[in-house]
2 protein chains.
Amino acid sequence: MEPDPDGDIDHGAPLPPYRQLAGILAARIRRGDWQPNRAIPSEAHLVQEYGLARATVRRAIAVLVDQGVLFVVPQRGTFVKPDSEQPSMPNA
Amino acid sequence: MEPDPDGDIDHGAPLPPYRQLAGILAARIRRGDWQPNRAIPSEAHLVQEYGLARATVRRAIAVLVDQGVLFVVPQRGTFVKPDSEQPSMPNA
DNA sequence: CAACATTTGTTCGTATGTATC
DNA sequence: CGATACATACGAACAAATGTT
């Protein structure tokens, strides 16, 4: 099981875990780990990966949805919003 | 002479208990009992540990916050300020 | 159609912390 | 030193929609 590229959650830190996770996910999106209009890992997966409660994961996602970085499709998944800021490649 | 770094509170001493506690906590921080950006024990814990009223504990914390040794994050905890002056290890 | 797995939506209970009175 | 309020986090369970076989 590989640990996360971005580091783990620090429960003793001043920043609440859900804020930490929101930052981590935002960084991974910016880095291109997940492409626009594609689903990020499921809540259950993120729970496993970061050792957090599902409520905490959902809260982090809610932050990014509020920021316009992600959008949720019920019963389908959570996706990276396309027009956040993607360097459009001049015709590939 | 400063109060014992690890001694208990002396209610008969000239120095008020909240000042004694502030000194004790400052000493423990200097000693590295709690790392920068990490939470110190909760107020309730300190109440238990030193046999003081919460108001007294909060007063001691307020002193250290005022001195720039600690900072409080509402609903999260009280944390050791990172740039207070951590003795950088003389080369390990 | 049925059965199953996956995923988000929702709600309840419990615990810990600080804030305030 | 109580009592209450609020924010945060964990755990569990169930519902609903979707996709697959």
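Labels below follow one simple rule: chain letters A, B, ... track the order of the sequence lines, proteins then strands, and each chain is numbered from 1. Heavy atoms only: backbone and side chains are in, while hydrogens, waters and symmetry mates are out.
- Side-chain proximity of A/His11 to the nucleotides D/dT8, D/dC1, D/dC10 is greatest for D/dC10.
- Nearer to the 5' terminus of DNA chain C, by closest-nucleotide assignment, is the contact made by A/Arg76 (compared with the other of A/Arg76 and B/Gly77).
- We find that CZ of A/Phe71 is positioned 14 Å from C1' of C/dT8, with the value rounded to whole Å.
- Here the P atom of nucleotide D/dG2 and the CD atom of B/Glu43 are 15 Å apart, to the nearest Å.
- As rounded to whole Å, 11 Å separates atom P of C/dT18 from atom NE2 of B/His45.
- Counting to the nearest Å, the P atom of C/dT16 and the CD1 atom of B/Ile40 are 18 Å from each other.
- If you check every strand for non-hydrogen atoms under 4.0 Å, B/Leu52 touches sugar and phosphate atoms only.
- Between B/Arg28 and B/Glu49 there is a salt bridge, since at least one side-chain N of the basic residue sits less than 4.0 Å from a carboxylate O of the acidic one.
- With a 4.5 Å cut-off on side-chain heavy atoms, A/Val65 and A/Phe71 do not count as touching.
- If you measure from atom CD1 of A/Ile9 to atom C1' of D/dT8, you get 14 Å, rounded to the nearest angstrom.
- With D/dT8, D/dC10, C/dT18 as the choices, the nucleotide that has an atom nearest any side-chain atom of B/Ser42 turns out to be C/dT18.
- A donor-acceptor pair is defined here as one N or O able to donate and one able to accept, closer than 3.5 Å; such a pair exists between the side chain of B/Arg76 and the backbone of A/Ala13.
- Comparing B/Val47 and A/Thr56, the nucleotide of DNA chain D nearest to each residue sits closer to the 5' end for B/Val47.
- Among D/dT8, C/dT18, C/dG9, the nucleotide with an atom closest to any side-chain atom of A/Pro16 is D/dT8.
- Listed nucleotides: C/dA19, C/dT10, D/dC10. Nearest to the side chain of A/Arg54: C/dT10.
- To the nearest angstrom, C1' of C/dT6 lies 12 Å from CZ of A/Phe79.
- A donor N or O paired with an acceptor N or O is found under 3.5 Å between the base of C/dT8 and the side-chain atoms of A/Gln75.
- When every heavy atom of A/Leu52 is checked against every heavy atom of A/Val47, the shortest pair comes out as O-CG1, 3.0 Å.
- Checking side-chain atoms of A/Gln20 against main-chain N and O of A/Leu15 turns up a donor-acceptor pair under 3.5 Å.
- Straight-line distance from the CZ atom of A/Arg59 to the P atom of D/dC10: 11 Å, rounded to whole Å.
- Side-chain N/O atoms of A/Thr78 include one lying less than 4.0 angstrom from OP1 or OP2 on C/dT8.
- Taking atom CZ of residue B/Arg58 and atom C1' of nucleotide D/dC1, one finds them 14 Å apart after rounding to whole Å.
- Residues A/Pro74 and A/Tyr18 each lie close to DNA chain D; by heavy-atom proximity, the contact nearer the 5' end of the strand is made by A/Tyr18.
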